[in-house]
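Here's the structure we're looking at; comments come further down.
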2 protein chains.
Amino acid sequence: MQTGSCARSTGTRPRLWRVTTRRSRTAPAGLTREGIVDVAIRVADADGPTAVSMRRIAQELGVDPMSLYRHIGAKDGLLDLMTDTVVAGIERVEPGATWVETAREQMLAARRTMLRHPWTAEVVKARPIPTPAALRYVDTILGILRGGGLSLDLTHHALHVLGSRILGFGQNLFDEGADTPPEVAAARAAGLAHEMPWVAEMIVGSAHGGALGGCDDDAEFVFSLDLILEGLEHRRAAGR
Amino acid sequence: MQTGSCARSTGTRPRLWRVTTRRSRTAPAGLTREGIVDVAIRVADADGPTAVSMRRIAQELGVDPMSLYRHIGAKDGLLDLMTDTVVAGIERVEPGATWVETAREQMLAARRTMLRHPWTAEVVKARPIPTPAALRYVDTILGILRGGGLSLDLTHHALHVLGSRILGFGQNLFDEGADTPPEVAAARAAGLAHEMPWVAEMIVGSAHGGALGGCDDDAEFVFSLDLILEGLEHRRAAGR
DNA sequence: CGCCGCAGACCTACGGCGTAGGCCTACAGT
DNA sequence: ACTGTAGGCCTACGCCGTAGGTCTGCGGCG
């Protein structure tokens, strides 16, 4: 982890971004939220997510650590912005011949992005709630599944099975459905309906406890397990 | 995350284990590796894995933080010991009518243990190499799959698909196969053969690049994706 | 022109973290 | 009785996030 002696050596690491040294007090540094996030992503790509510290990226920018707080709320906010930026960069694929083909291509596209920023999955999983871009991406996936004819609750199951296969979120997305009053959920969904129609639909479906009645983690685990074991048994019976 | 002001309040938290206050310099504290790990697990259960710090568990034991280092190598070592202890506690199930049933029951048993210690998956995933108990558990799973008639490489695929469904390890278990000289791998496998025959078999299979030729992450991703999508399409066609 | 408010930077300081390196004491082996 | 060592303790270092305060230049306004 962090050892005083070996951490010393990072002092000589070449700057990844701005080469200016600590500026004189009067000159504006021209910090922007986008610039900060950009450098943070670069640092994470180069040295892993644990290397992203306020002090490190401030040093990378030739700036005081506290200056960053003018532009981002806190460390957690920075991590959110980083993953949001990466996830927003996932390309959307054209519909294929079948929904399976479309879903397959879409997730391979996501994987291509994740491979460029391998730290993302880990950071996303550590964050409690999904970022806007993540929700929009989930909406894309939901649209493919629903458009392919999957029922609402089969789609819900699908999100759980595919969860880590996609990115790592989608696991506990709709926990609120269980204890949020239906009218609140409905109102929220109405606000979302324009931008994320499929997410809105699923929230409403979760809330009124109908076909999918909240989100039973045990049931989801068993569903996933059985689906996978069944697929494996098929392949075994078919002779590898 | 950690804020000076609010962290203050943790000072009044009740001890989870030993109630003695800081002992006089001369009395032996009777620290043991097992006792330390036990308290650390208790702390993680109560306040999450991030609450496990050397200082915190030393305080819980009424002992100086540095005293812990006599018994555990470092923080990472402590985390390894914690997960190892938890994983070792997973019960082994009796063989069922089919291998599918056996595998199902075994993983449900694992899940029961994980639910008692929800932090384990996260910690295990952050650790680079599996602990002995984890390897032994994987050996159990491998035995069920191979005993059920799955070929060596189908079993290998199965480990990847089921990965996060089991515990989170099993993902990159056999990376070494690609670049380790076969004779080294064979020697290592021979040493393991008594205690973990199935793991040994898979290492050898990985090493000589035969049926499964190393471990192609992309191929594993596609295999898992297709298996899951196929299962979902089956269920859709069957009308939910 | 003179004044003020404020945005955007900087600085200090605090309490947390892991742990290197050394110290002190009691006891076991000789 | 002597001595080595195991098992505690202590100090100190360099990290970390960030609360709270300060300085400075600029744009707006009387």
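The sequence lines fix the lettering, A, B, ..., with proteins before strands; numbering per chain opens at 1.
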Can you tell me the distance, in whole Å, between the [atom1] atom of [X] and the [atom2] atom of [N]?
{"X": "A:Arg56", "N": "D:dG17", "atom1": "CZ", "atom2": "C1'", "result": "17 Å"}
{"X": "B:Ile57", "N": "C:dT19", "atom1": "CD1", "atom2": "P", "result": "12 Å"}
{"X": "A:His71", "N": "D:dT18", "atom1": "NE2", "atom2": "C1'", "result": "16 Å"}
{"X": "A:Lys75", "N": "D:dA19", "atom1": "NZ", "atom2": "P", "result": "14 Å"}
{"X": "A:Gln59", "N": "D:dG14", "atom1": "CD", "atom2": "C1'", "result": "14 Å"}
{"X": "A:Leu78", "N": "D:dT18", "atom1": "CG", "atom2": "C1'", "result": "14 Å"}
{"X": "A:Ile72", "N": "D:dG17", "atom1": "CD1", "atom2": "P", "result": "10 Å"}
{"X": "B:Met54", "N": "D:dA12", "atom1": "CE", "atom2": "P", "result": "21 Å"}

Working for salt bridge (Lys or Arg N to Asp or Glu O under 4.0 Å), residues B:Arg42 and B:Glu60: CA-CA 10 Å; B:Arg42 233 177 290 249; B:Glu60 215 77 50; over 6 Å; no
Gap separating the CG atom of A:Leu162 from the CD1 atom of A:Ile141, nearest 0.5 angstrom: 8.0 Å
Go through [options] for me and flag the one nearest to the [X] side chain.
{"X": "A:Tyr69", "options": "D:dT18, C:dC10, C:dG18", "answer": "D:dT18"}
{"X": "A:Asp64", "options": "D:dC10, C:dC10, D:dG17", "answer": "C:dC10"}
{"X": "B:Leu31", "options": "C:dG18, D:dT18, D:dG8", "answer": "D:dG8"}

Quiz item: B:Arg55 side-chain donor-acceptor pair to C:dG16 base, under 3.5 Å: no
Distance below 4.0 Å between B:Ser67 side-chain N/O and D:dG7 OP1 or OP2: no
Side chain to side chain, B:Ile72 and B:Met54, heavy atoms closer than 4.5 Å: yes
For the student: nearest non-hydrogen atoms of A:Ala110 and A:Tyr137, plus distance: CB-OH, 3.2 Å
From CA spacing to verdict: salt bridge (Lys or Arg N to Asp or Glu O under 4.0 Å), A:Asp76, A:Arg127: CA-CA 8 Å; A:Asp76 285 9; A:Arg127 219 98 296 288; 3.7 Å; yes
Touch class at under 4.0 angstrom, heavy-atom based, for A:Ser53 against every strand present: sugar-phosphate
Given DNA chain D, 5'-ward residue of the pair B:Arg70 and A:Met66, judged by closest heavy atom: B:Arg70
